[in-house]
Amino acid sequence: MTLYHCIALSGIVFSIGIYGVLTRRNILGILMSIELMFNAANIALVAFNHYLHPGSLWGQGFVLFVIAVAAAEAVVGLSLVLAIYRNIKSVYTENMNLLHG
Amino acid sequence: MTNDEILAVITGKFPEIQAIPKVQGQARGDELYLSVPAQKLPELCRFLRFDPPLAFDFLSFVTSVDWKDRYEVVYYLVSTLHKHKLVLKVNLADRATPEVPTVTDVWAGADWQEREIFDLMGITFRGHYNLRRILLPDDWEGHPLRKDYVPTPDRYD
Amino acid sequence: MSQTTTPASAADVFPQAPPEKGMFISLGPQHPSTHGVLRVAITVDGETVTSAQPDIGYLHRATEKLAEKRTYPQIIVLTDRLDYLAAMTNNWSYCLAVEKMLAVPIPERAEYLRIIVGELQRIASHCVFLGTYGIDIGAYTPFLVAFGRERERILDLFEELCGARLTYNYIRIGGVMADTPAGWEKKVREFVKEMWGHIQEYDTLLTYNPIFMDRTQNIGLMTPEMAVAWGITGPNLRATGFRADVRKDDPYSLYPQLKFDIPVGKQGDCWERYQVRVSEMRESLKMIEQCLDRIQPGEWMAKLPKVYRVPAGEGYGHLEAPRGDLGFYIISDGSPSPYRMHIRAPSFINLQVLQQLLKGWKVADVVAILGSVDIVLGEVDR
Amino acid sequence: MSPSLSSLVFYAFSAMLVVTAVGVVTLRNVFYSAVSLVAALTIVAGLFVLLGADFLGAAQVLVYVGGILIIMLFVIMLSQQPRDLLQRQTNDQWIAGLFFALTIGVSLVRAFTYFVSQTPPDGDIAPTSASLGRLLLGEMLLPFEAVSLILLAALVGAVVFGQEKNA
Amino acid sequence: MFELGPALHHAFELLRGFAVSHGMSRDAALLLSKIIQANILVLGVAVIPMVLVYAERKVSAFMQARLGPMHVGPWGILQTFADGVKLMLKEDVVPAGADKWVHFLAPVVAVAPVFVCFAPVPFGQGLTPVDLDTGVLFIFAVSGVSTIGILLGGWGSGNKFSMLGGLRAAAQLLSYEIPRVLSVIPVLMWYGSMSLGTIALAQHGRWLGILPKWFIFYPVIGQIAFLIFLISSVAETNRTPFDIPEAESELVAGFHTEFSGLKFALFFLAEYAYVFLASAMGTALFLGGGDGFLLPNGILPSWIWFLLKTFALVFLFLWFRWTYPRLRIDRLMQFCWKFLMPWSFVNIALTGLLVLVRQR
């Protein structure tokens, strides 16, 4: 249960997130993978705060802001997806090629 | 207004409509009974409905009778303002395709009652916006309320 | 003393064919709030109803055809099953029509008994409405109180009187079946005294309940012109502010001697249709008290030969049933059974207004409006 | 909690977290991946509590699991079509993606460990809500107000995008 | 007098000492006692809904001029037990078009959070299972998870109507969670702590000897906070007048119509457990937890007082159900966003002022 274990875990989850973003066809899948990446970062932040600066709580404060921003991003992203779905009746990234000219 | 005044007003406007006299020994209500030819019905109804002294704004009910040799459609009208009543009777001699113009454009209340008469007695109402069977299933053959109706055996196939 | 009715504007009153656009929902025939086997086909555009087409006929028993094969006294049994929540008034209306043709005088005690029993039946029928309408809107307690407690008391009184709780055929052509058992009038007087308090209870429990008012006020509005044009009668018509009651306009039996007034609403919304029925219960109580004060022992059945023949001809008798103007149009050819009998069923005619009334309201209001019109399918399908 | 017990719990949590994270990324049915994301985020909340951030764990569950994921499930339910279940969920360059993800992951971990040489001792676990509150409204007041602006902007944006055009 | 809390602590001390003396490491003994405590809590939370179901049937019966269940056991006490057995024996129907896994998962996700939520609740003096420092926030966070259970239920049943029911139920729960959290903030501000135990303890004592120092008796802020909390808790537990999900009012069957047998029993258990949880929180936050009034404190132990007050609040929930009709869905949302929320903001501002005045 050392700092190194936490960082390793955060790295693994982050790479899973990236893999998800790059390979998912469904845009909702991509949004979820981004949530995963946010959480990986949060784990690392909390771990650093716990091990390197136990006294101050700056790390945890910062994680709160990350959660808030992630919430804002997810809400806007989802309403965009809904708007797109309403127009082209599909949530698959390759169908969103209106700008391909 | 008494029956005679109503009769006077109506025969003034429609000379060929005459009242059905009360036969001695036969029971009959105190309303005024009129016999009306089918094609004059819409015009008469509009007159009865919107003419101020008559103002028959309430159609109590519409029904039909199968007298074996002819059909008869009965309209029972009431004026909620003057409290007087009137019964219209329309005789349909031809039994093959009995047809009467609709009155739904004058009294909306006749809508389902005409559909019920069409369903159970087989009299079509020209101009009705939605004339199809109301009580019996749509694929039912025959009209039960006719005197010559032979009930088809129940089929539970 | 009814007001003049202006000619209804054609556009909003007359039925049009249902539009095609929108999602289709079928409410019924098995549905908790259609009070029996009724299916309403509703097309919905988003949340608002664009068209509603009630589909009836599931309870059609061809009463009118059956009547042509039965003798006059036997038909009384058929009429019980028309409006199965108000069998007393069905029998009475049929007997009125036949008595009008027979022109036989009815003894005074029979008339008073008929009024007492008819008004008790009106209270029982309105109790059923009150209970089921509470459930439609979501309040379960009024049902147990109104249906469970009050109506049971009335049914017990009827059971003591004529042995039946639902299909009484107590009122016969020429009078009533039998005289009242000993102490019956005292029991009715007790019930009436208690009932005043119970109606007060309904007001606090449901009528002035803020959520109930919020669910029913200004919903399902109906104008007097529209009501008269559609041939609506009974509490639904009076709720629109149009004072019309057969007991006053075309009086029968001893109603002219009784003092009672006609509760009337203002704008014909669901709440007023409910409110008119509750105040009608109070009027019925007043009438019963007056009848109980005036009734004297005496003859309760007119002198009629064993087998009597109704003279040939036709006759129309009608009265103010709990749901509206219930009438029987009988054509007789002198034989022991009628040649043709037509039943003017108030629920059948009141129900067709739904095609017009439901338009434009939200889906959640459909149940409230349908419940407030208070129809009974036995009477609709005949 | 004594060190041996907490490391045992930590290993269990991280194993579950990796499994559910892989589930999010690879499950064919988007609905199932959303459900596994719910599991993943609750485990992350557990990890926060394990690392002494109890207020954060509760906040994470409240905001993520109780808020964002429900809206995500809403959108999935509204946009799910029967034929989606049949199609492949991954596009064709998944090998390249896998390789790229691995390099990023390994290089990140190497970078962290490079700077942090010694492994410091385990800090003590103390309730953090009160001090976190004082911190947020003390030195971190500026970012606190800035985030509230971001949230407001997101709210307005969501309403604008979500509106029916013909409404 | 016979306080249960200290007695239990002493018992667990003995147990741990006994285990350690028999060669079990301190850690294992501690873990063992924690597991036993958890089991006691889960058992308690499973039993309470049984009592509540019986109470609801009896209370609604007496309100409706009838007797309620009388046959099974004396005064129908075993009725709920019989219902439970019946539900277990019922066939567990999974509709053809339904999604098997989600259909199985829905009741689990709906029920599991309830057991966790009872951890920080102070049942009496020393009887708090886990006195979390972030008690109140923890309960709100974990009870939010059961909304997902309802969504899964709606989606898992396969038919369009129950999905719509599920969406509407989730929308209602989400929007009423906000005023519920906001209504509790004044209490936290006043007592400066989120742990339910400390808040309940801080409300002991008397004003001028008679009026107990409960938060509900604080001049304005107490009543407003309590009312908003109560109303939004009724909405959170989907009970009348907010029971849109299983109402037939808009032709939509509720989200849990496709569940039968044990799964339906779980949804049922979740609803009643949440009612008890809401009343327990109400008692701890607003009615001073185990603090007795009138009788000189000491006659009745604190956990009896806590149960009495909680059942009083539960009676309120039952009372609402059998008197109020149902709100329409759009009026319900309007009531939340346009009435409850502004008032809770006003209340928070007021409490802020009072806290400032108190500090002077």
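What you see below is based on every heavy atom in this structure, not just the backbone, and it leaves out hydrogens, waters and symmetry mates. Proteins get letters first, then strands, A, B, ... in listed order; numbering begins at 1 in each.
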Could you tell me which of [options] has the largest number of non-hydrogen atom pairs under 4.5 Å with chain A?
| options | value |
| --- | --- |
| Ala40(D), Ala34(D), Ser148(D), Ala96(D) | Ala34(D) |
| Pro143(D), Ala146(D), Ala59(D) | Pro143(D) |
| Val18(D), Leu132(D), Leu47(D), Val63(D) | Leu132(D) |

Quick one: what part of [X] sits under 4.5 Å from any heavy atom of chain A, side chain, backbone, both or neither?
| X | value |
| --- | --- |
| Leu69(D) | neither |
| Val22(D) | both |
| Leu17(D) | side chain |
| Leu135(D) | side chain |
| Phe74(D) | neither |
| Leu51(D) | both |
| Val44(D) | side chain |

Among [options], which has the most heavy-atom pairs under 4.5 Å with chain D?
| options | value |
| --- | --- |
| Asn39(A), Val13(A), Leu28(A), Leu36(A) | Asn39(A) |
| Ile12(A), Ile16(A), Leu82(A) | Ile16(A) |
| Ile30(A), Val46(A), Val81(A), Leu31(A) | Val46(A) |

Thr26(D) to Arg24(A) - nearest heavy-atom pair and separation: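 The answer is C-NH1, 3.9 Å.
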From CA spacing to verdict: side-chain contact (heavy atoms from CB on, under 4.5 Å), Gln60(A), Phe48(D): CA-CA 9 Å; Gln60(A) 295 185 15; Phe48(D) 287 165; over 6 Å; no
Candidate pair Asp54(D) and Thr128(D), rule side-chain hydrogen bond (donor to acceptor under 3.5 Å, both in side chains), full reasoning: CA-CA 7 Å; Asp54(D) 54 358; Thr128(D) 59; 2.8 Å; yes
Part of Leu9(A) lying under 4.5 Å from any heavy atom of chain D: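 For Leu9(A), side-chain heavy atoms alone lie under 4.5 Å from chain D.
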Segment of Asn42(A) engaging chain D (4.5 angstrom heavy-atom cut-off):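 Looking at Asn42(A), backbone and side chain both touch chain D.
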From CA spacing to verdict: side-chain contact (heavy atoms from CB on, under 4.5 Å), Val63(A), Gln60(D): CA-CA 10 Å; Val63(A) 168; Gln60(D) 155 98 349; over 6 Å; no
Going by atom type alone, with no hydrogens or angles, which donor-acceptor pairs under 3.5 Å involve a side-chain atom of residues 102-112 of chain D and a protein atom two or more places apart or on another chain?
residue: Thr103(D); atom: OG1; partner: Phe99(D); partner atom: O; Å: 3.3
residue: Thr103(D); atom: OG1; partner: Phe100(D); partner atom: O; Å: 2.5
residue: Ser107(D); atom: OG; partner: Thr103(D); partner atom: O; Å: 2.9
residue: Ser107(D); atom: OG; partner: Ile104(D); partner atom: O; Å: 2.7

side-chain contact (heavy atoms from CB on, under 4.5 Å) evaluation trace for Phe31(D) with Leu73(D): CA-CA 7 Å; Phe31(D) 200 84; Leu73(D) 281 170; 3.7 Å; yes
Ser14(D) side chain vs Phe10(D) backbone, donor-acceptor pair below 3.5 Å: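 Checking the backbone N and O of Phe10(D) against the side chain of Ser14(D), a donor-acceptor pair under 3.5 Å is found.
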Backbone N/O of Ala40(A) and side chain of Ser10(A): donor-acceptor pair under 3.5 Å: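 Checking the backbone N and O of Ala40(A) against the side chain of Ser10(A), a donor-acceptor pair under 3.5 Å is found.
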Crowding at CZ, Phe144(D) (>12 non-hydrogen neighbours, <6.0 Å):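 No, CZ of Phe144(D) has 12 or fewer neighbouring heavy atoms, counting only those of other groups under 6.0 Å.
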Identify each donor-acceptor pair in which a side-chain atom of residues 64-78 of chain A lies under 3.5 Å from a protein atom, sequence neighbours left out, and give them as a table.
none

